[in-house]
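Data first, discussion second: the structure below is written as structure tokens.
Lettering of chains follows the sequences in order, A, B, ..., and the numbering in each one begins at 1.
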2 protein chains.
Amino acid sequence: MSNVTTNFNDRTVEYEQLLNDFKQLLKKNNLKFTIQREVILETLYNSDEHLTPEALHHLIQEKYPELNTGIATVYRTLSLLEDSHVVTSLSFGAQGKKYELGAKEHHDHLICTECGKITEFVDEEIEKRQQAITKELGFKMSDHSMQIYGICKECQEKAK
Amino acid sequence: MSNVTTNFNDRTVEYEQLLNDFKQLLKKNNLKFTIQREVILETLYNSDEHLTPEALHHLIQEKYPELNTGIATVYRTLSLLEDSHVVTSLSFGAQGKKYELGAKEHHDHLICTECGKITEFVDEEIEKRQQAITKELGFKMSDHSMQIYGICKECQEKAK
DNA sequence: ATATCTGCAAAGATTTTGCAGGATT
DNA sequence: AATCCTGCAAAATCTTTGCAGATAT
């Protein structure tokens with residue numbers, strides 16, 4: 001099972017692609033390409049974490065203080081990106097929503113309800129079963145998301 | 001693989017059990033068993049949905065208006081229940097946190113993006129894989145949620 | 001030149017907290 | 001009787017919105 005044409009394994013090309021898609025999306029909706037929007041996309045791309053709007057804003061303020069990006073712009077851009085399915089949001093036990101780029105390879109989430117840590121994983125078996133189930137029910141799948149909640153190894157040990 | 005002792009398949013007994021566990025929990029922490037706390041537990045138990053604090057409060061106000069339960073009590077009780085791992089909170093993309101009893105059988109969702117219909121399903125294969133994955137990573141699973149988005153059979157036919 | 005964006009600050013929403021009277025142990 | 005709970009309302013957070021100047025097309 002190979003998929004040579006889609007997997008460049010080259011982060012620069014990958015980001016260029018993402019950025020281009022984003023520009024296209026904006027153009028199609030008569031929206032403008034601004035430095036703030038680019039910086040938000042880039043910061044999400046370069047983060048391995050699931051970011052809260054506040055954390056994202058903070059990162060941007062640190063890296064590009066001269067832009068003086070407002071938190072309102074972060075919220076507005078995240079909504080835009082979520083509506084367009086470019087990012088997805090998650091939330092767990094603690095408070096607030098967290099965002100991540102949806103363009104990354106598909107993966108599911110293991111979420112610790114004690115410390116909030118999110119671990120990503122991909123399981124071929126599960127992906128296959130999902131396709132089998134939807135096919136069986138005549139459902140045309142466009143997307144899916146899965147979260148497993150529980151307590152991570154570290155927090156279990158701490159509790160002892 | 002049988003598990004005769006734990007599966008009564010009798011909702012009344014199941015609820016009694018849950019309620020007893022809850023009472024024990026309260027006693028152990030020098031907390032008091034109040035009518036509001038019971039009603040909150042019961043309403044969560046009887047709901048098939050994942051409820052927001054507001055929705056839960058609304059249901060309770062409708063069913064037991066004479067209690068005049070305050071939203072603050074709902075929040076306080078949900079925190080208590082969540083800290084004790086009796087309920088888990090999660091969020092499905094849209095806004096706000098949603099709560100459900102952790103004791104319920106797992107179920108996944110097939111969501112039609114055209115008509116909004118939600119179909120629940122359980123798949124043994126997926127359940128097994130989830131357990132295998134969490135075990136492998138030393139993670140203690142309490143709950144999971146999975147949503148598959150797409151277009152249901154009926155809507156596909158309508159579109160023709 | 002026009003339409004959209006942005007930061008700011010104010011408004012809305014959501015969640016938490018202090019307090020005084022009420023309920024449970 | 002002592003302790004904990006509750007509803008209420010105020011406070012603290014989190015998110016959205018209106019506006020006037022700035023920026024992208």
Rounded to the nearest Å, what distance is computed from the [atom1] atom of residue [X] to the [atom2] atom of nucleotide [N]?
{"X": "A/L80", "N": "D/dT15", "atom1": "CG", "atom2": "P", "answer": "17 Å"}
{"X": "A/Q24", "N": "D/dT25", "atom1": "CD", "atom2": "P", "answer": "13 Å"}
{"X": "B/Y75", "N": "D/dA12", "atom1": "OH", "atom2": "C1'", "answer": "13 Å"}
{"X": "A/L56", "N": "D/dC14", "atom1": "CG", "atom2": "P", "answer": "15 Å"}
{"X": "A/K27", "N": "C/dA3", "atom1": "NZ", "atom2": "P", "answer": "19 Å"}
{"X": "B/Q61", "N": "D/dC8", "atom1": "CD", "atom2": "P", "answer": "9 Å"}
{"X": "A/H57", "N": "C/dC8", "atom1": "NE2", "atom2": "P", "answer": "8 Å"}
{"X": "A/I71", "N": "C/dG12", "atom1": "CD1", "atom2": "C1'", "answer": "16 Å"}

Compute whether any side-chain donor of one residue and acceptor of the other, for A/Q17 and A/D21, lie under 3.5 angstrom apart. yes
Does either side chain, that of B/Y75 or that of B/E54, offer a donor lying less than 3.5 Å from an acceptor on the other one?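 The answer is no; no qualifying pair exists.
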A/F121, B/M141: one ILVMFWY side-chain cluster at the under-4.5 Å cut-off? yes
Per [X] side chain, nearest of listed nucleotides [options]:
{"X": "B/E54", "options": "C/dT4, C/dT14, C/dT6", "result": "C/dT14"}
{"X": "B/N68", "options": "D/dC8, C/dT4, D/dT17", "result": "D/dC8"}
{"X": "A/F33", "options": "D/dG7, D/dC14, D/dT25", "result": "D/dT25"}
{"X": "B/R37", "options": "D/dC8, D/dC5, C/dT4", "result": "D/dC5"}
{"X": "A/L31", "options": "D/dA2, C/dT16, C/dT4", "result": "C/dT4"}
{"X": "B/T34", "options": "C/dG7, C/dT15, D/dC5", "result": "D/dC5"}
{"X": "B/R76", "options": "D/dT6, D/dC14, C/dC8", "result": "D/dT6"}

Assign each of B/N30 and B/V74 to its nearest nucleotide of DNA chain D by heavy atoms, then name whichever residue's nucleotide is nearer the 5' end. B/N30
For B/L67 and for A/I35, find the nucleotide of DNA chain D with the closest heavy atom, then tell me which residue's nucleotide is more 5'.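 Final value for this comparison: B/L67.
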Look at A/E42 together with A/R37 and state whether they make a salt bridge at an N to O cut-off of under 4.0 Å. no
Quickly, which of B/V74, B/T77, B/T69 forms a side-chain contact (heavy atoms from CB on, under 4.5 Å) with B/L56? Name it, please. B/V74
Would you please confirm or rule out a distance under 4.0 Å between OP1 or OP2 of C/dA23 and any side-chain N or O of B/Q36? no
Distance criterion of 3.5 Å, no angle test: do you see the side chain of A/K32 paired donor-to-acceptor with the base of C/dA3?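 Side chain to base: pair found, below 3.5 Å.
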